[in-house]
Amino acid sequence: MLADFNQWFLSLGAEYGVNPYIFGGIYVGAIPFFLASIAWLVKRARAGQSTVLPTMLAGFFFVSAYIYLAIAGRNIPVWVWVFLAALIAYGAWSTIRDTRKKIAAPPED
């Protein structure tokens, strides 16, 4: 059963020109870098310093797996791009909301 799932999983990559393990690795591997960027952003915002670089890095890590999909992928259906755009928009809104709350909160000792 596990072998069948693995075969199906890999067939998705062959159909769309991406390696699902690379996509998953980028997706999961970017999480600690994204969280570190958000922590850096909050720290700099509370200190009254520029947040441009940590914001750009957080955005890059947030979409890095989809950048791989856009570069390496082919024949990606339109509904996938619409779904990904909705996920990215919701994730960005949620991250902005949570980051603003963290910046506004008193510093923890």
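- For the atom pair CD1 (Ile103) and CG (Leu41), the distance works out to 5.5 Å, reported to the nearest 0.5 Å.
- Taking CG of Leu87 as the reference point, atom CZ of Phe62 lies at 8.0 Å (rounded to 0.5 Å).
- Contact between Ser37 and Leu57 at its shortest, heavy atoms only, is OG-CB, 3.7 Å.
- The backbone N or O of Gln49 sits nowhere less than 3.5 Å from a side-chain atom of Arg44 that would complete a donor-acceptor pair.
- Separating the OG1 atom in Thr95 from the NZ atom in Lys102 is a distance of 8.5 Å, to the nearest 0.5 Å.
- Here the closest non-hydrogen pair linking Ala105 and Arg46 is O-NH2, 3.2 Å.
- Between Tyr27 and Tyr66, the ring planes are perpendicular. Angles over 60° get that label, and only those under 30° would be called parallel.
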Stepwise side chain to side chain contact (heavy atoms under 4.5 Å, CB included) test for Thr51 and Val42: CA-CA 8 Å; Thr51 60; Val42 169; over 6 Å; no

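- Contact of the Ile31 side chain with the Phe61 side chain is not registered, since no non-hydrogen atoms from C-beta on lie closer than 4.5 Å.
- Proximity of Phe34 to Ser64: side-chain heavy atoms (C-beta onward) are nowhere separated by under 4.5 Å.
- Proximity of Trp40 to Leu53: side-chain heavy atoms (C-beta onward) are separated by under 4.5 Å at one or more points.
- Atom CD1 of Ile38 is separated from atom CZ of Phe33 by 14.5 Å, given to the nearest 0.5 angstrom.
- Residues Ile22 and Tyr68 are in side-chain contact: their nearest non-hydrogen atoms beyond the backbone lie under 4.5 Å apart.
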